[in-house]
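Data first, discussion second: the structure below is written as structure tokens.
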Amino acid sequence: MALTYAQVVVDVPTQQTNRPYTYLIPDEIQDEVQPGVRVLVAFGHRSVLGYVLKTGVDLPADLAVDQVKDILTVLDDHPVLSQEMLDLSEELAQTNFSFQVSFLALMLPTALKASYKKRLRAQADLLPADRVAYLDGQEERLVKTKDFSAKEWRQVRQLAAAGQLSIETVIENKGRIKTELAYQVTSDQDLLGQAEETLRKSAKSQAALLSFCQEHPGETFTKRDWLAQVDVAAATLTTGVKNGWLVKRQVEQKRRPGAMASGKVEAVKVLNEDQQRAYDAVTAAITAKEKTTFLLEGITGSGKTEVYLQAAQKAIAQGEQVLFLVPEIALTPQMQKRVADRFGDATAVLHSGLSAGERYDEWRRIQSGQVKVVVGARSAVFAPLAKLGLIIVDEEHETSYSQSENPHYSARDVALWRGAYHQAPVVLGSATPSLESRARAQKGVYQLLTLTKRAAAAATLPPVEIVDMRQTVVLKGDTNFSTELLEKLKDHLARGEQAVLLLNRRGFSSFVMCRDCGYVPKDPNCNLAMTLHMDTKTLKCHYCDFQAPIPHICPSCGSKRIRYYGTGTEKVQEELSRVLPEYPVIRLDQDTTKKKGAMAQALADFGAKKAQILLGTQMVAKGLDFEDVTLVGVLNADTGLGLPDFRASEKTFELLTQVAGRAGRGDRAGEVVIQTFNPKHYALTFAQHHDYEGFYRQEMAIRHAGEFPPYYYTIQIQSSHPNENLVAVQSAKIGLWLRKKLPKDVLMLGPSPQAIAKLKGRYYFQILLKLKKPHEADALLRDLVDRSQKAEAGFQLSVKRDPVTFM
DNA sequence: AGCACGCCGACT
DNA sequence: GTCGGCGTGCTC
């Protein structure tokens with residue numbers, strides 16, 4: 001029999017190992033080695049985890065038989081990665097300039113990722129002092145790499161070389177299944193019948209057990225269920241086992257994330273004309289198995305979710321599965337609940353609040369095919385659904401769909417890829433679609449569906465008033481509340497209605513400054529102004545976690561006149577308690593929602609009307625649906641406009657439109673007040689008139705003139721090194737190299753230092769490419785990444801497609 | 001990542 | 001001379 005080989009991606013994320021390696025499949029594990037299983041292989045001088053890509057391949061021409069090693073162990077009985085995921089990982093590695101193995105790891109729950117340890121064991125002549133130092137005084141010890149310093153490891157290896165110590169690599173398979181004790185009823189009816197006849201009259205519990213057994217022959221129940229259902233003591237079960245009525249066994253125990261469905265089944269709502277048209281188009285594509293991409297553009301409150309849910313119902317009725325992506329599941333507990341209410345146990349929810357164990361259990365439920373709908377944020381796009389019939393990307397414009405750290409990817413793009421793979425339609429939904437998606441709909445690449453009316457019969461979009469804060473400041477001095485907003489707040493609150501106040505802090509946070517010399521405390525790592533935190537009475541750098549006490553005397557000029565500038569939610573809350581002391585406020589920001597469940601609790605309290613005012617940062621703008629909210633106030637609309645980002649207007653328009661949509665969703669009319677220092681800015685005036693189309697046209701003209709997306713695709717090439725001079729020289733070299741080799745129609749900006757040039761002790765330079773065809777520089781950039789491997793130690797190069805932040 | 005190889009300085 | 005520090009390169 002010919003030798004068969006497998007292609008394996010090893011769990012060593014480096015540039016040179018970013019390709020499959022060939023291994024020999026030993027005869028005795030021939031059947032177990034399949035594409036998608038995890039294996040243990042020897043690599044270099046150690047054992048590592050590997051992912052099998054392909055089996056039954058020939059020995060590559062450039063390899064001799066004796067150069068190839070054996071696969072050591074197979075870690076899975078069944079593949080944990082489907083062929084789809086293997087293909088997808090390759091595609092993502094190619095187009096996003098990251099390691100294939102990093103994408104493979106992303107597709108699996110943490111429980112299935114390798115955890116490497118070393119087992120150190122004392123040998124005969126180990127000195128007691130060394131035993132204490134390295135083995136904690138024991139015979140053997142399991143250690144992780146980070147448990148010892150480099151120097152200590154060197155010494156450990158020396159001891160091993162001298163034969164005083166042995167080192168063995170251990171890979172923990174955490175994918176073990178938790179079991180619980182269960183009892184299975186015998187299928188032997190005769191035995192049960194005989195037992196009943198010979199039973200003594202006084203044996204009441206045994207009689208009860210026996211009659212239950214006769215009703216459920218062959219069935220298995222956990223011990224907990226037995227005790228609850230039959231109402232017998234544990235000892236009776238043991239007697240049952242002794243008599244042969246029951247067989248003890250271990251069954252798989254599944255953790256279910258606590259009560260997600262509320263129990264009540266949500267009624268299917270009647271669709272209005274717009275919704276029906278959208279529903280018909282999407283369901284036609286589901287039935288025909290067309291990989292159409294729909295852009296569902298619906299004003300806030302127009303009932304997009306109802307269209308999603310009914311379309312999902314249709315796909316499920318056809319025996320297919322649905323992937324439902326939401327921007328940040330923590331921010332949309334209401335959406336999560338609605339899906340769970342509609343689809344009950346057939347729903348799996350993946351969110352950041354799950355423990356590793358819960359996540360693994362949910363992942364297994366999905367993989368086993370029991371699940372019909374998966375709801376989740378970005379990484380849920382890799383959910384192991386085999387029969388996808390519909391993919392929904394809600395709030396498709398949200399930047400959280402894009403992962404900016406390595407490995408970079410866009411969940412929206414992955415969703416489109418999977419839709420094409422499964423011949424399933426993809427619905428991108430938003431009240432304010434990204435210009436990229438809207439432009440594609442314009443060109444007919446996506447099919448545009450619009451919802452123009454609010455779903456609730458009486459609900460219309462609220463009128464929006466823009467208040468010029470320059471006037472307010474002249475009249476009232478330093479305040480966060482204009483007279484207009486304050487009066488409206490009093491009116492609405494007096495009527496028992498609720499208000500949402502948004503403090504847009506993007507790019508603007510409170511800081512400390514000396515009034516005499518202008519000194520602003522900066523952190524030494526990043527050289528950025530530090531943010532004031534009153535709760536801990538410290539200054540913090542928001543980029544590297546550096547902390548320092550608030551200075552009382554200026555370190556620069558010795559003055560005592562240190563003042564606080566800027567506005568935070570805390571400061572606004574304090575002002576609110578002064579001007580409207582009779583109304584309690586619920587605050588929603590990063591500080592108050594850090595704790596698990598705090599966000600959901602705050603929203604539940606607001607829903608239960610424990611407070612009439614909800615004050616928060618951007619997280620109050622999204623997805624909230626409270627029918628008694630009739631007033632929305634935006635305290636500072638323009639803080640995002642000053643950012644050096646070509647998407648600043650788009651983001652501001654989005655935020656204002658989204659938050660305005662929180663008002664008047666029920667039967668009572670709502671209104672919105674926007675406070676600003678730029679009352680004439682088009683992002684504000686178009687938002688005021690709920691005019692997405694108008695904004696789209698104007699912004700497209702500006703993008704066209706500036707040669708920005710969606711007229712161009714962008715790729716960011718970021719260089720960094722702890723030495724500023726070195727990174728400047730390196731990125732200049734890269735710039736020259738690229739300029740020579742890039743296709744002529746590719747525009748190149750830079751290299752230039754980034755706006756935040758120094759971060760966590762590293763200096764950053766960037767080059768920005770603008771391309772007409774998204775992949776025209778891919779091969780060249782892969783080559784560049786490859787070459788950068790040979791640059792100075794500490795030099796890092798990151799290539800990012802469609803970056804969200806530019807400067 | 002880790003381990004070997006190989007090149008340089010401080011010691012027997 | 002040789003031991004050992006660490007920079008460089010490769011792992012089927």
Can you tell me which residue pairs pass the salt bridge (charged side-chain N to carboxylate O under 4.0 Å, His left out) test with a partner in residues 411-424 of chain A, sequence neighbours excluded?
A:Glu84-A:Arg418, A:Glu396-A:Arg412

Do A:Ile71 and A:Leu40 touch side chain to side chain, with heavy atoms closer than 4.5 Å?
no

Quiz item: cation-pi between A:Arg46 and A:Phe43, 6.0 Å / 45°
no

Is atom NZ of A:Lys291 surrounded by more than 12 heavy atoms (other residues, nucleotides or ligands) closer than 6.0 Å?
no

Classify the nucleic acid contact of A:Gln67 as base, sugar-phosphate or nothing, counting any heavy atom under 4.0 Å across all strands shown.
sugar-phosphate

Residues two or more places apart in sequence or in another chain: which of them pass side-chain contact (heavy atoms from CB on, under 4.5 Å) with A:Lys387?
A:Gln321

Could you check how far CZ of A:Arg19 sits from P of C:dC12, rounded to whole Å?
10 Å

Nucleotide interval of DNA chain B bounded by contacts with chain A (heavy-atom cut-off, under 4.0 Å)
B:dA1 to B:dA4

Under 4.0 Å, counting only non-hydrogen atoms across every strand here, what does A:Phe43 touch: a base, just sugar-phosphate, or nothing?
base

In whole angstrom, give the distance that lies between atom CG of A:Asp66 and atom C1' of C:dC12.
11 Å

Partner residues of A:Glu724 under the side-chain contact (heavy atoms from CB on, under 4.5 Å) criterion, sequence neighbours left out:
A:Tyr763

Atom OH of A:Tyr21 and atom P of C:dT11 are separated, to the nearest Å, by 6 Å

Any side-chain donor-acceptor pair under 3.5 Å between A:Ser89 and A:Gln100?
yes

Could you state the CG-P distance from A:Asp62 to C:dT11, rounded to the nearest angstrom?
11 Å

Is the backbone of A:Asn725 close enough, under 3.5 Å, to the side chain of A:Asn723 for a donor and an acceptor to pair up by distance?
yes

Between CG of A:Asp11 and C1' of C:dC12 the distance, given in whole Å, is 16 Å

For A:Asp786 and C:dG9, give me the distance from atom CG to atom P, rounded to whole Å.
14 Å

Send over the distance from A:Leu63 CG to C:dC10 P, rounded to a whole Å.
15 Å

By salt bridge (charged side-chain N to carboxylate O under 4.0 Å, His left out) - contacts of A:Glu405 (at least two apart):
none

Which whole-number value in Å describes the distance from A:Gln16 CD to C:dC12 P?
13 Å

Could you list, one pair per line, each protein nitrogen or oxygen that sits under 3.5 Å from a nitrogen or oxygen of nucleotides 4-6 of chain C, together with the distance?
unit_1	atom_1	unit_2	atom_2	d
C:dC6	OP2	A:Arg154	NH2	3.2

